[in-house]
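Remember, it's 1-based here, ligands and their atoms both numbered in the order they're listed. Any value given below was found using the heavy atoms of this structure, including those in side chains, with hydrogens, waters and symmetry copies removed.
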Amino acid sequence: MPAITLVGAQWGDEGKGKATDLVGNRVDYVVRYQGGNNAGHTVVIGDQKYALHLLPSGILSPDVVPVIANGVVIDPGVLFEELRGLQERGVDTERLLISANAHLIMPYHRALDKVSERFLGKGRIGTTGRGIGPTYADKISRAGVRVQDMFDPKILRQKIELALHDKNQVLTKVYNRRGLELEQIYDEYLGYAELIRPHVADTSLVLNKALDEGKTVYLEGSQGTLLDIDHGTYPFVTSSSPTSGGACAGAGIGPTRITKVVGILKAYTTRVGSGPFPTELLDEQGEWLRRQGGEYGVTTGRNRRCGWFDAPIARYATRVNGITDFFLTKLDVLTGLDRIPVCVGYEVNGVRHDEIPMTQTDFHHAVPVYEHFDGWKEDITHVRSFDELPKNAQAYVRTLEEMSGAPISAIGVGPGRDQTLELRSLV
Ligand code: GDP
Ligand code: IMO
Ligand code: MG
């Protein structure tokens, strides 16, 4: 039966972890289909807070099978550290399935990510430094190391040797760094083989069988639409396809299986790292949003850049992903404002644009055109139905819905699992 895809509609950190956790007891599988431990998904259950980087948020729901599918890049050291951390907190992690085809983040990927960023100086992307870009680059250039390679010591050694032949030249001669040792990497990764083996499966087969049996598969995207390698603000993007199309390739299921695409949309906008951001607030209002919303990176601890809601971005996300439902998060953060600006279009060199401009140069120069809406002062963190929301909050939600081009089916009024108004079922 249904496969449901969840995608970030902006630049990541929209509240995907919370959204996945919310439906955790209503789905059978939760699948990560792209990205790696560049992600930081927060889940708050009662007084417990979890920050997940590589593992699907569904791992916290006892009846869900969490899956790391072929499209993800895995840093095995991080994987086992994250698993250990959860086990110590009493979470059962045995059910986790990992695709034999997923690619591995190797020490030289992390090293290259860091040195190339340093080299870019002011032009840097602001990556998380986790080796994501170099790992996907090797995947595409057919030089990657996959999970299954750890089960064939000869192949593993050969692949690392071949990679180092190249990478060490770059590290030492281009960047003046120390080269990496073959034996050290080989021993480390061979050591992971038996640890990972119990989890490894043909995850595409497992998921397709599950769908045939009428099970519900929830595909949890990381990052967001504007960080997508094709559809994002290139080159200030991540190196995978978080958009819904990427879910099929990254999980090994056909597009005809997907019945719903849930877009996670923050009631304002944030971004981490470099790149254009038309509604960014560099003044005390931006600082106010950062403080109210706790906008500090889960993965790198960096301050998130903050700005007002950008309607053309939401419409773009609807279009690119085929979003059927939005989950509007962090509405409570806007409480207390007299007037709330919403970007309804841009001006670029005196020309009005209702949609995101076609070129990156224009987007860099886009000046937001704002409409202003009345705010509300009442605390809404205890509200549990749409009708209980202050009238101005209702109007704000309805306006965003109209501008975004898909129904808002859920609203977040706090980080907790229960702080959600579900207007229509998300699954
Ligand atoms: P993700 O990467 O999309 O999973 O999002 P992050 O976890 O990086 O950032 C979202 C942050 O907002 C987390 O700290 C969440 O606990 C928090 N959060 C999610 N939904 C809401 C909400 O509706 N209201 C408030 N106040 N916080 C929320
Ligand atoms: P979640 O899943 C926000 C950003 C980085 C950088 C760019 C490229 O928590 O929403 P990378 O390390 O991926 O090569 O960095 O992408 N980025 C994120 N920003 N949330 C994320 O994940 C991100 N993952 C990567 O800051 O600008
Ligand atoms: Mg995050």
Side-chain angles (χ1 to χ4, degrees), residues 6-22 32 34-45 48-54 56-57 72-73 75 105 109-110 112-114 116-117 124-137 220-229 232-240 242 263-277 289 291-305 327-335 379-381 383 410-421:
L6 168 147
V7 292
Q10 292 147 327
W11 275 290
D13 303 325
E14 299 90 348
K16 297 178 291 292
K18 175 182 153 162
T20 303
D21 176 63
L22 181 73
R32 279 280 311 265
Q34 48 69 235
N37 57 311
N38 48 349
H41 298 172
T42 318
V43 178
V44 179
I45 306 171
Q48 293 288 309
K49 186 169 169 175
Y50 300 87
L52 300 163
H53 298 285
L54 180 57
S57 304
V72 174
V73 290
D75 187 326
I105 299 180
H109 293 133
R110 290 194 301 266
L112 287 167
D113 192 356
K114 290 192 179 120
S116 59
E117 276 284 276
R124 69 181 177 274
I125 293 159
T127 72
T128 58
R130 302 298 191 261
I132 305 296
T135 306
Y136 277 113
E220 180 189 17
S222 292
Q223 288 82 51
T225 301
L226 291 182
L227 288 172
D228 186 278
I229 188 77
T233 46
Y234 189 92
F236 304 102
V237 293
T238 193
S239 297
S240 64
I264 314 301
L265 189 63
K266 214 180 271 195
Y268 51 97
T269 313
T270 64
R271 124 164 255 185
V272 196
S274 324
F277 179 178
L289 275 177
R291 249 197 338 269
Q292 292 287 114
E295 298 296 354
Y296 309 96
V298 178
T299 299
T300 56
R302 288 178 289 181
N303 278 1
R304 292 177 181 154
R305 301 159 64 193
F327 186 155
L328 184 72
T329 61
K330 304 191 97 162
L331 185 65
D332 54 300
V333 173
L334 299 179
T335 299
D379 177 10
I380 61 169
T381 55
V383 166
I411 301 166
V413 291
R417 204 180 234 183
D418 60 329
Q419 290 179 298
T420 307
L421 325 180

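- Within the protein, the number of N, O or S atoms lying under 2.8 Å from the Mg ion (ligand 3) is 2.
- The nearest heavy-atom contact from the protein to atom 20 (N) of ligand 1 is Lys18 CD, 3.4 Å.
- The closest protein non-hydrogen atom to atom 6 (C) of ligand 2 is Gly126 O, 3.1 Å.
- Under a 4.0 Å criterion applied to the non-hydrogen atoms of Trp11, ligand 2 contributes the atoms 3 (C), 19 (N).
- In terms of heavy-atom proximity, Arg304 sits nearest to Val298 at NH2-CG2, 3.5 Å.
- Closest heavy-atom approach to atom 13 (C) of ligand 1 within the set Val413, Thr42, Thr335, Val298: this belongs to Thr42.
- For the pair Arg271 (side chain) and Ser274 (backbone), a donor-acceptor distance under 3.5 Å is present.
- The distance from the NZ atom of Lys266 to the CG atom of Leu331 is 13.5 Å, given to the nearest 0.5 Å.
- Closest to atom 10 (C) of ligand 1 among all protein heavy atoms lies Asp13 O, 3.8 Å.
- Atoms of ligand 2 found under 4.0 Å from any heavy atom of Lys16, numbered from 1 in the order shown, are 1 (P), 2 (O), 10 (O).
- For atom 24 (N) of ligand 1, the closest non-hydrogen atom on the protein side is Asp332 OD1, 2.8 Å.
- Residue Pro415 holds the heavy atom nearest to atom 16 (O) of ligand 1 of all those in Pro415, Gly293, Gly17.
- With rounding to the nearest 0.5 Å, the separation of CG in Asp75 from CD1 in Ile132 is 8.0 Å.
- Comparing Gly416, Gly40, Ser222, Gly414 by heavy-atom distance to atom 22 (C) of ligand 1, the nearest is Gly414.
- In terms of modelled atom types and a separation under 3.5 Å, the side chain of Glu295 and the main chain of Thr270 share no donor-acceptor contact.
- For the pair Arg304 and ligand 1, a heavy-atom separation below 4.0 Å is found.
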